[in-house]
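Right, one structure below, let's go through it.
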Amino acid sequence: MNVFYYEVVSIEGDYANLRRTDVESDDLKLVARALLPPETTEGTRLKYEWMQYEIISE
């Protein structure tokens, strides 16, 4: 299974806009906040693996 890395760019109501950080891209991915960890805020860095988002720290 692939692993993808994202940063939360903005949160708008029940959705968050994520930008990939592991590849060069300006595209945003719209994701329901219910799929993200509860403590997710703007600027949070996430790892997506096995259909789950996990907060990562650097």
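- The list of salt bridge (charged side-chain N to carboxylate O under 4.0 Å, His left out) pairs with a residue in residues 23-32, not counting sequence neighbours, is empty.
- Residue pairs meeting the salt bridge (charged side-chain N to carboxylate O under 4.0 Å, His left out) criterion with at least one partner in residues 7-19, sequence neighbours excluded, are Glu7-Arg45.
- Formation of a donor-acceptor pair under 3.5 Å by the Arg33 side chain with backbone atoms of Ala16 is not found in this model.
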Decide yes or no on side chain to side chain contact (heavy atoms under 4.5 Å, CB included) for Leu46 and Ile55, but give the supporting numbers first.
-> CA-CA 5 Å; Leu46 302 165; Ile55 293 177; 3.8 Å; yes

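- For the side chain to side chain contact (heavy atoms under 4.5 Å, CB included) test, no residue two or more places apart in sequence or in another chain qualifies with Gln52.
- The hydrophobic clustering, which links ILVMFWY residues whose side-chain heavy atoms are closer than 4.5 Å, places Leu36 and Leu30 apart.
- Thr41 pairs by the side chain to side chain donor-acceptor pair (under 3.5 Å) definition with Thr44, not counting sequence neighbours.
- For Glu42, there are no salt bridge (Lys or Arg N to Asp or Glu O under 4.0 Å) partners two or more places apart in sequence or in a different chain.
- Note that CG of Leu18 is 10.0 Å distant from CG of Leu35, once rounded to the nearest 0.5 Å.
- Residues passing the side chain to side chain contact (heavy atoms under 4.5 Å, CB included) test with Arg20, sequence neighbours excluded: Phe4, Tyr6, Asp22, Val23.
- Cluster partners of Val9, by chain and number: Leu28. The rule joins Ile, Leu, Val, Met, Phe, Trp and Tyr whenever side-chain heavy atoms lie under 4.5 Å apart.
- Screening residues 16-47 for ring-ring contact (aromatic ring centres under 6.0 Å, His included), with sequence neighbours left out, gives no hits.
- Residues satisfying the side chain to side chain donor-acceptor pair (under 3.5 Å) criterion with Thr40, sequence neighbours excluded, are absent altogether.
- Annotation: ring-ring contact (aromatic ring centres under 6.0 Å, His included) contacts involving residues 9-48, sequence neighbours excluded, comprise Tyr48-Tyr53.
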